[in-house]
Amino acid sequence: MVLAILINSIILMAIIMGIGYYLRIKKILNDEGEMTLTFILVNITTPAMVINAMNIDFSFEQLKTGVVLLAVAIAFDILLIFLSNLASFKTKDTEKVKMVKYSIALMNGGFMGFPLAYQIYGSQGMFYATMFHIPNIIFMWTYGVSLLLGKSKIKNRYKFMLLNPGMIGVYIGLILYFSQIKLPLFAYDLLDLLTNATTFLSMIIIGSKIATIGVKASFIDKEAYIATFFRLIISPLLMILILKFFEFDIMIEQVYVIYASLPVAVLMPILAQKYGGDIIFGSKIVVTTHLLSLITIPIFVWLHTVI
């Protein structure tokens, strides 16, 4: 049943990506329009989705599970960082090395993970998705930015890490979760509307990115497949193995397998442009991982159910 819902969600996402692709190649959507949509997604709808996910009844049992899940996610991210160093060992170009390492360690939890978790499991699934995503956000603004910068320095790095829109959404969500403050009806309705807009906006942006970068050029770059292999194959296999040592609810395990199977963060080329890195190579990895993940995510969720 869950696999059928997942496949249905993937198909819907692929169709919306296709719409974004079409709008871009027809020049209906341009750079300025894409930046506007990205701003809305990053600063408004995604934080709203996180708040909505954590605006649920408090439970000590759920809290204990959440703490364990945070620990698992942190350990998993550290393990991916270690693997990224192994995977990039033979890559000679230092700027490409940055992209390979970043791609393996950091996934597209905000733009693709949250929408998938919400569509399949609702707010309950989003709570557990947030437990996975919090460490990834922190690693993105610490390890990820440090990786791209190399020896360069950046002002207010820790401010970016702790006060980015995603983390602000987490803080507000935690306050609501622990305080059990009851929001007025219009606030619930607003959060639902913004949450439902997240999937559409994120897939339109990804489709637009794919059109800008180019599908053919991405798939013929053999070096991009190293990062793609580790991000889409090794990462979910590793998570399935790790989960064998725990006895979580099946929904929690499926959320974690989905997150481990996600493509690279779509913001990687944008951050590479700002902080350093091979932007073209990074963009190719974004395209290959996003398109291939539409096939690999259902495969690994199915694999998790049979082994």
Side-chain angles (χ1 to χ4, degrees), residues 17 31 34-35 38 42 76-113 133 135-154 157 160-161 164 202 205-236 238 259-294 296:
M17 276 188 201
D31 286 340
E34 186 183 298
M35 286 177 61
T38 302
V42 171
F76 182 68
D77 285 341
I78 293 172
L79 194 53
L80 288 180
I81 291 172
F82 174 74
L83 285 175
S84 72
N85 284 291
L86 293 179
S88 61
F89 181 72
K90 289 187 176 181
T91 305
K92 303 301 181 184
D93 188 322
T94 56
E95 297 304 300
K96 286 186 176 180
V97 166
K98 292 179 182 180
M99 298 295 95
V100 171
K101 288 182 176 181
Y102 193 106
S103 301
I104 294 169
L106 300 164
M107 63 285 294
N108 194 3
F111 283 25
M112 197 163 179
H133 191 55
N136 210 245
I137 293 175
I138 294 172
F139 277 113
M140 183 177 75
W141 289 106
T142 51
Y143 169 76
V145 172
S146 295
L147 179 66
L148 297 176
L149 283 170
K151 295 181 179 180
S152 304
K153 301 294 182 182
I154 179 177
R157 178 181 298 183
F160 289 140
M161 180 185 76
N164 63 79
S202 60
I205 293 167
I206 292 171
S208 176
K209 288 286 183 194
I210 291 171
T212 304
I213 297 161
V215 176
K216 184 179 179 181
S218 301
F219 276 95
I220 62 174
D221 191 327
K222 293 180 180 179
E223 287 185 288
Y225 284 103
I226 298 171
T228 301
F229 177 73
F230 275 85
R231 172 90 307 278
L232 300 185
I233 306 296
I234 299 300
S235 175
L238 185 61
Y259 258 74
S261 308
L262 290 173
V264 64
V266 76
L267 291 177
M268 181 178 71
I270 299 170
L271 293 176
Q273 187 173 16
K274 185 173 183 179
Y275 300 123
D278 190 323
I279 303 164
I280 295 174
F281 181 64
S283 299
K284 290 175 180 178
I285 298 173
V286 168
V287 172
T288 54
T289 56
H290 275 83
L291 291 178
L292 292 176
S293 71
L294 299 176
T296 57

How close do Y102 and G144 get, counting heavy atoms only, and between which atoms? CE1-CA, 3.7 Å
Main-chain N/O of L262 paired to S293 side chain as donor or acceptor, under 3.5 Å: no
Starting at CG of L232, measure out to CG of L291 and round the result to the nearest 0.5 Å. 10.5 Å
T288 side chain to I285 main-chain N or O, any donor-acceptor pair under 3.5 Å? yes
Any side-chain heavy-atom pair from V286 and M268 closer than 4.5 angstrom? yes
If you compare all heavy atoms of L80 against all heavy atoms of L238, which two are closest, and at what distance to 0.1 Å? CD2-CD2, 4.4 Å
Is a donor on one side and an acceptor on the other found under 3.5 Å between the side chain of R231 and the backbone of S103? yes
T296 OG1 to F229 CZ distance, which is reported to the nearest 0.5 Å: 12.0 Å
Are the side chains of M17 and L294 in contact, using a 4.5 Å heavy-atom criterion? yes
Would you sort out whether E34 and K209 count as a salt bridge (Lys or Arg N to Asp or Glu O under 4.0 Å), showing the intermediate values? CA-CA 9 Å; E34 186 183 298; K209 288 286 183 194; 2.8 Å; yes
Given 3.5 Å as the limit, does a donor-acceptor pair link the side chain of Y225 with the main chain of F219, or not? yes
Is there side-chain contact between K284 and E223, with heavy atoms separated by less than 4.5 Å? no
Does any N or O in the side chain of K98 come within less than 3.5 Å of the main-chain N or O of L148, such that one atom is a donor and the other an acceptor? yes
Indicate the atoms forming the closest heavy-atom contact of A224 with F281, along with that distance. N-CE1, 3.6 Å
Report, as yes or no, whether the 6.0 Å neighbourhood of atom CD1 on I280 holds more than 12 heavy atoms from other residues, nucleotides or ligands. no
Taking C-beta and beyond as the side chain, do V264 and L106 meet within less than 4.5 Å on heavy atoms? no
Pairwise side-chain contact, Y259 with H133, heavy-atom cut-off 4.5 Å (strictly under): yes
So N108 and T289, do their side chains get closer than 4.5 Å, heavy atoms only? no
Output for pair (D77 CG, I81 CD1), nearest 0.5 Å, gives 6.5 Å
Over all heavy atoms of both residues, which pair between S261 and P236 is shortest? Give the atoms and the distance, please. OG-CB, 3.2 Å
Rounded to the nearest 0.5 angstrom, the CG-CD1 distance for L79 and I104 is 11.5 Å
